[in-house]
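For reference, the structure discussed in these notes is given below.
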Protein chains: 2
Amino acid sequence: MTCLLTDQEQILHLLKGLNNQISPKFERCTGISSSRYELLHHLYHADEVNQSNLQKAVNIDSAAITRHLKQLEADGMVTRSKIPSDNRVTLVRLTEEGRKRIIGYKEEKAAFVNQMLNDFSEEELSILSNMLRRMQTNIREL
Amino acid sequence: MTCLLTDQEQILHLLKGLNNQISPKFERCTGISSSRYELLHHLYHADEVNQSNLQKAVNIDSAAITRHLKQLEADGMVTRSKIPSDNRVTLVRLTEEGRKRIIGYKEEKAAFVNQMLNDFSEEELSILSNMLRRMQTNIREL
DNA sequence: ACTCCATAATTGACGTATCAATTGAATGAT
DNA sequence: ATCATTCAATTGATACGTCAATTATGGAGT
């Protein structure tokens with residue numbers, strides 16, 4: 001009835017399960033989805049960015065980027081404008097309102113992550129983050 | 001321009017990024033989505049299960065379970081039947097066809113996971129899997 | 001028997017990600 | 001100067017997951 005899985009086999013299941021749990025909880029706790037948060041966070045530090053750089057930074061599909069930004073624009077969090085020197089690219093920046101609101105989100109996110117990782121030592125965190133990076137590398141060209 | 005994130009802060013981003021990479025690649029490599037694989041895999045060992053137990057086992061929303069199973073049934077991989085003693089529950093089992101096909105999927109999955117974790121020692125795997133479990137626990141009641 | 005509650009499965013509405021195809025604007029080669 | 005390529009952004013189709021509400025059934029308690 002119960003079935004044995006090697007550690008290797010389980011990792012995938014655990015990863016997926018964890019993520020499925022995280023996404024809705026993150027949003028409930030912080031008031032914003034984690035992808036949106038990443039976008040705003042990046043803009044917060046980078047002041048003005050074009051979409052394709054933003055895409056590379058947060059590492060989600062550019063179609064999704066477009067849709068997120070449109071929504072964030074509609075919510076008054078960011079502005080978007082074409083640049084005259086190259087009419088293909090659109091520059092994105094936080095509005096004042098956006099800059100103000102992200103501060104609250106940052107706190108909520110910190111609290112969330114803190115809860116999730118509350119019993120992890122600095123060393124463990126760095127081990128974990130390395131492992132995740134290695135996995136990412138290992139499947140990069142599949 | 002570049003912004004400093006603590007290891008703690010990055011974990012979330014890494015996790016999500018990794019998962020977003022995994023899902024489409026898993027499906028491309030194996031020919032089936034990882035959720036469907038989990039369902040079939042569980043059925044492979046359990047012979048006959050009702051949906052709510054299946055739901056607990058694979059840990060995704062029961063709405064999603066219903067939809068997956070309908071599709072798998074349409075594809076001739078599983079059969080579903082109400083049980084007379086309690087007309088609420090539906091029992092699911094693999095068809096012969098399904099049982100045959102999952103064997104191929106198992107191999108593809110093993111190859112995929114092998115690639116993803118090829119440079120991980122047994123010990124690392126067990127550390128990683130423990131960490132993932134801990135995180136899951138830490139956010140359980142959020 | 002009848003009302004009340006719990007449970008299993010389903011459906012609907014929604015958010016988010018992917019990929020493939022398209023649009024529109026620069027750029028490079030002949 | 002023009003044609004082909006390349007690139008940024010967008011759109012459409014599709015898949016998967018959540019939550020909330022619904023349907024249908026079963027089981028108590030009175």
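The model shown is predicted, which means the values in this text are computed figures rather than measured ones. Excluded from the calculations below are hydrogen atoms, water molecules and symmetry mates; all remaining heavy atoms, backbone and side chain alike, are included. Lettering follows sequence order; numbering is per chain, from 1.
- Counting only distance, with no hydrogens or angles, the side chain of A:Gln51 and the backbone of A:Val89 share no donor-acceptor pair below 3.5 Å.
- There is a side-chain donor-acceptor pair under 3.5 Å between B:Arg133 and B:Ser129.
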Step-by-step side-chain contact (heavy atoms from CB on, under 4.5 Å) determination, B:Met116 to A:Leu12
CA-CA 10 Å; B:Met116 184 171 87; A:Leu12 213 51; 3.7 Å; yes
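- Residue whose closest nucleotide on DNA chain C sits further toward the 5' end, between B:Ser52 and A:Ser35: B:Ser52.
- Although no hydrogens or angles enter the test, the distance criterion places a donor-acceptor pair under 3.5 Å between the side chain of A:Thr6 and the main chain of A:Glu9.
- Contact check, B:His68 against D:dA15: no side-chain N or O comes under 4.0 Å of OP1 or OP2.
- The stretch residues 8-24 of chain A touches DNA chain D through A:Lys16, A:Asn20, A:Pro24, each having a heavy atom under 4.0 angstrom from the strand.
- The backbone N or O of A:Gly98 lies less than 3.5 Å from a partner atom in the side chain of A:Thr95, making a donor-acceptor pair.
- For the contact set between residues 58-67 of chain B and DNA chain C, defined by any heavy atom under 4.0 Å, the members are B:Ser62, B:Ala63, B:Thr66, B:Arg67.
- Nucleotides of DNA chain D nearest to B:Ser34 and A:Lys70 differ in position, and the one nearer the 5' end is that of A:Lys70.
- Here CG of A:Leu94 is found 11.0 Å from CD of A:Glu48. Values are rounded to the nearest 0.5 Å.
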Quiz: residues 53-61 of chain A side-chain donor-acceptor pairs under 3.5 angstrom, not counting sequence neighbours:
from    : atom 1 : to      : atom 2 : distance (Å)
A:Gln55 : NE2    : A:Ile60 : O      : 2.9
A:Asp61 : OD1    : A:Ala63 : N      : 2.8

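- A ring-centre distance under 6.0 Å is not found for B:Tyr105 and B:Tyr37.
- Every residue meeting the side-chain contact (heavy atoms from CB on, under 4.5 Å) condition with B:Arg36, not counting sequence neighbours, appears here in chain and number order: B:Ile32, B:Ser33, B:His68, B:Gln71, B:Leu72.
- The stretch residues 73-89 of chain B touches DNA chain C through B:Arg80, B:Arg88, B:Val89, each having a heavy atom within less than 4.0 Å of the strand.
- You can see that DNA chain C meets the heavy atoms of chain A within a 4.0 Å-exclusive cut from C:dT16 to C:dA26, reading 5' to 3'.
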